[in-house]
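Sequence positions, counted from 1, serve as the residue numbers for this chain.
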Amino acid sequence: MTDDLLDRPTVHALLADGTTVCIRPALPGDHEQLQGFYEEMSPENLRLRFFAASRRSAAMAADRACAPAHPGYRALVAETDGRVIGLAEYDTGGETGGETGGGEKGGAEISIAVADGLHHRGVGTLLVEHLVSAARAEGITTFTADALSENHEVLRLFADLGLRTSRRFEGPEVRCTIHLDQDDTYLSAVEARGRAADVASLIPLLRPDAVAVVGAGRTPGSVGRAIVHHLHTGGFTRRLFAVNPSLTSVLGVPSHPSVAALPRTPDLVIVAVPAAAVPAVADECGRAGVRALVVVTAGLDHAQAQSLLDACRTYGMRLVGPNCLGVSNTDPEVSLDATFAAEHPRPGTAGVAVQSGGVGIALLDGLSRLGIGVSSFASLGDKFDVSGNDMLQWWESDGRTDLALLHLESFGNPRAFSRTARRVTRRIPVLTVDAGRTEAGRRAAASHTAAAATRTMTRGALFTQAGITATRSVGELLETAALFHSQPLPEGSRVGIVTNAGGAGVLVADACAEAGLALLPFTPATIDELLAVLPDGAAVGNPIDATAAVSEEQLTDCVDRLTRCSGIDAVIVALVPTAVAAATGDDLVRAVTAAPGRRARPVLAVRLEQDRSVRLLPAADGGTIPSYGEPQAAARALAHAAERAAWLARPAGAVPDLDDTESERARTVVAEYLAAHPDGGWLDPHTCADLLACYSVPQIPWAWAESEDEAVLAAERLRGFDGRVVMKAHWPGLMHKSRQRAIHLDLRGDAQVRAAYRDLETRFAGLMTGVVLQPLAARGTELFAGVVQDEVFGPLVLFGLGGTATEVLADHAARLAPLTDRDVHELITSPRCAPLLLGEQSGGPVDLEELEQLLLRLSRMAADLPQLAEADFNPVLAAPDGVTVLDARVRLLPRRPQDPYLRRLR
């Protein structure tokens, strides 16, 4: 199934109260129901809709909505339980993108109707959002609507969409014009509506008033029985039932023969029956009015899985699983533990969502051991419905979660997830394990871009742009969570190290350097201050060797002074047990935990005698200090904290407006090429140049020749720097010209041009369709820029060192489009070649402003054109006086536009 509204006519989405509604096109078979939909409206509702309370209007409206499809018209219905509850239409009056009655170019008239009694639930708004998405795909730029000035409901709907809207009053009527630009204001408004609906839909799942477990039996080791045990012993504060036709109770919990026979309809049902029985149980739950399912059963085949999902969509049930560990919510008002983990999760403040049940158990155990505990937990399993995105929005609004931990093996809608995560990470840290790093990427030999765009790089771009802290293991995740939970973020990456054993300090210093942290020397004033409180023989470098003779009081003073030092952002205290401390009764660990509340900077302990797992040491003021058994663990956690602090300190970034772009002309170029090449392919030089010109991408002058004489004439016109030209062979699908020796450089005079043409013509006979000639470019830094459309993540923009060594050196950075100004800055400064661009080893910096513009235009092209499968600019010549693309390749595929931000369930 595709996510495109045009190709997938039926989608499901959430209304404001969290209930599910089906959005689909109106069909000829809907005529009777649509006519009844209008006839059931009150006279007042009909008058507001049609400006008159005529019953004939109902038949006419049904006729229009159910007529055969024609260009420029679309009607969408919203239905629940097979009943139409809303209808929205637009009509351009004929051709797509034509004039409306109001004269707006590219406009359409829109109308909306919602059934009586269902206003204020977001039905009309949701329908309009889907119409907006469909209209944009058809090139429609404005909606116009006429309404009575007293129709406050519809006027408020238009005003609250988040789109630029204007009104013109004409007597008792108001003409509204709605501009369909998809800017950040509109996306934020859609997000806010989606967040409210999403959270409301999760209440039956995570705050249910009644829970039933289907499949709980007598067998002590059965999953269903274990979940009943957990719910019962975990103190679930509300109604609990078991469903088993052969039992009257399970572990003291009353059991009933079916869901329909329960004394009240449960909000949440846990399904722990064999795979073959899951669809029937889901259907029974839906018919009974259940609002949420957790399916722990594994092994569903395709038909069973589809039946399960169909039942959830038909009856509006949210679904966790199948193949999952369950869910829990430690809020004392609920105390819901619907899992079969070994122990109850400890109440706390960390939200956890995982796909792997084993990873979930490890995280629950680790967080309980650390004392951080869990606010709510969801094992998503095969993730048919509820996702990490849903859980992030729940944690954002639950008032209890201050730390989010994710282990996601797949992303259903990465761009929507990225927007959610960017917002949530501004408020609470979001940490993840970057699972599947070694998965073989799609290293197609098609282009430099595709070769560079591994799945690891794509996921890394998502995490970086969203501000997500990505770790490499569950252990590292817990190590970092411990620091985020217990300490303030550092203001930078400068670390001060103090130890009672010089060797331990060296190990910590090495670990910090390897993690990218900075160890700077202390100022003379700081050295004098520290020497005044340390024992004789102490060495006040960085690390500070306080010697084995340091007392508890001296170490406390030293740590306190370091946390007040202006040149230090964090302090690591490395301790080893000594006989000296034991003899004097000094507890050096107590020196670290003495009073962390008065310390404005983070303090970490490294205790080499400790086992490898992180611990949180209780402090005198009720806080905690993280203690690590390995220096590398402490350094990694601190580096993650410094990265988060830096991300929070940076402005969020915005997608800049670009001058001199012709998106509609670009779409025409693409449409004409795909009409002639239905299977897509690599563009010829003329079409490629036309497409790049639509986005004002700077290209070196060039000419096309299909004979020796044409090549000579073209060279005469193009001779540039020192009169030399370059000749490149061309044929469809040619990728690596240098590797195939399909290029001649530094050609002087007609004789060399003729000889070069004859050489290419001879060696590539039967392949070559012509040659491209260009003036020899001036000197500069050769770079690479490209984009590849990932089927899951969307367009990925890559940048780095170019030329023939681009794949060998693999000096690339990547970000997901559309790029913000912040993304572009980071894209340019991230590769190892960045110092070359800043002029550190040359006469001066390259034109960074033009380089940023090139990347922004490439991003805009990729965002505008879903058919753009790959674009490969290599080399891009960057010099102090400008940036020029010397060679460009673009591949198109026949793809339909998609709207990643459209509200819909997976």
Under 3.5 Å, is there a donor on one side chain and an acceptor on the other for Glu191 and Thr420?
no
Roughly how far, to the nearest 0.5 Å, is CZ of Phe417 from CG of Asp390?
11.0 Å
With a 4.0 Å cut-off on N to O distance, would you call Asp198 and Arg318 a salt bridge?
yes
Looking at CG of Leu403 and CD1 of Ile372, how far apart are the two atoms once the value is rounded to the nearest 0.5 Å?
6.5 Å
Is it true that the side chains of Thr401 and Asp398 contain a donor and an acceptor less than 3.5 Å apart?
yes
Can you name the residues that form a side-chain hydrogen bond (donor to acceptor under 3.5 Å, both in side chains) with Asp611, not counting sequence neighbours?
Ser613, Arg615
Please name all residues satisfying side chain to side chain contact (heavy atoms under 4.5 Å, CB included) with Asp310, sequence neighbours left out, ordered by chain then number.
Gln306
Quick one about Asp402 and Thr349 (side-chain donor to acceptor, distance below 3.5 Å, no hydrogens or angles considered), yes or no?
yes
Going by an N to O cut-off under 4.0 Å, is there a salt bridge joining Lys383 and Glu409?
no
From CD (Glu479) to CZ (Arg612), nearest 0.5 Å
10.5 Å
Do you know the tightest heavy-atom contact between Thr624 and Ser486?
OG1-CB, 3.1 Å
List for me each residue that meets side-chain hydrogen bond (donor to acceptor under 3.5 Å, both in side chains) alongside Arg24, sequence neighbours excluded, and say none if there are none.
Asp30, Glu79
Quick check: do Val21 and Val123 have side-chain heavy atoms less than 4.5 Å from each other?
no
Pairs of donor and acceptor atoms involving the side chains of residues 222-231, under 3.5 Å and at least two apart or interchain, shall be tabulated with distances.
{"unit_1": "Ser222", "atom_1": "OG", "unit_2": "Thr219", "atom_2": "O", "d": "3.0"}
{"unit_1": "Ser222", "atom_1": "OG", "unit_2": "Arg225", "atom_2": "N", "d": "3.3"}
{"unit_1": "Arg225", "atom_1": "NH1", "unit_2": "Gly217", "atom_2": "O", "d": "2.8"}
{"unit_1": "His230", "atom_1": "NE2", "unit_2": "Ala341", "atom_2": "O", "d": "2.7"}

Heavy-atom side-chain proximity of Val259 to Val214 below 4.5 angstrom:
yes
Whether Arg419 engages the ring of Tyr901 as a cation-pi pair (distance to the six-membered ring centre under 6.0 angstrom, angle to the ring normal within 45°) should be assessed.
yes
Here the gap from Arg207 atom CZ to Asp331 atom CG, rounded to the nearest 0.5 Å, amounts to 4.5 Å
Applying ring-ring contact (aromatic ring centres under 6.0 Å, His included) as the test, list every pair that has at least one member in residues 349-391; sequence neighbours left out.
none
Does the pair Arg472/Asp434 count as a salt bridge with the N-to-O cut at 4.0 Å?
no
Under the ring-ring contact (aromatic ring centres under 6.0 Å, His included) definition, can you give me all pairs with a residue in residues 281-335, not counting sequence neighbours?
none
For Asp17, the salt bridge (charged side-chain N to carboxylate O under 4.0 Å, His left out) test, sequence neighbours excluded, returns Arg121
Taking only residues two or more places apart in sequence, or in another chain, which ones meet Ala404 in a side chain to side chain contact (heavy atoms under 4.5 Å, CB included)?
Leu392, Trp395, Ile428, Val430
If we only count heavy atoms from C-beta on, is the Ser335 to Thr330 side-chain gap below 4.5 Å?
no
Which pairs, with at least one residue in residues 233-256 and sequence neighbours excluded, count as a salt bridge (Lys or Arg N to Asp or Glu O under 4.0 Å)?
Asp209-Arg238
Would you mind listing every ring-ring contact (aromatic ring centres under 6.0 Å, His included) that reaches into residues 232-279, with sequence neighbours excluded?
Phe241-His256
Within-4.5 Å side-chain heavy-atom neighbours: Val320 and Leu205:
yes
Using side-chain heavy atoms (C-beta onward) and a distance below 4.5 Å, is Val296 in contact with Val271?
no
Is any side-chain heavy atom of Gln610 closer than 4.5 Å to one of Glu630?
no
Do the side chains of Arg423 and Arg195 get nearer than 4.5 Å, heavy atoms only?
yes
How about Thr20 and Leu14: do any of their side-chain heavy atoms sit closer than 4.5 Å?
yes
Between CG of Asp790 and CZ of Arg415, what distance do you get to the nearest 0.5 Å?
9.5 Å
Kindly write out the residues that satisfy side chain to side chain contact (heavy atoms under 4.5 Å, CB included) with Ala275, not counting sequence neighbours, or none if the list is empty.
Thr297, Leu300, Gln304
Might you point out which heavy atoms bring Val290 and Ala292 nearest each other, and give the distance in Å?
CG1-O, 3.3 Å
Does anything in residues 279-290 form a salt bridge (Lys or Arg N to Asp or Glu O under 4.0 Å)? List the pairs, not counting sequence neighbours.
Asp283-Arg287
Rounded at 0.5 Å granularity, tell me how far NE2 in His344 sits from CG in Leu364.
12.0 Å
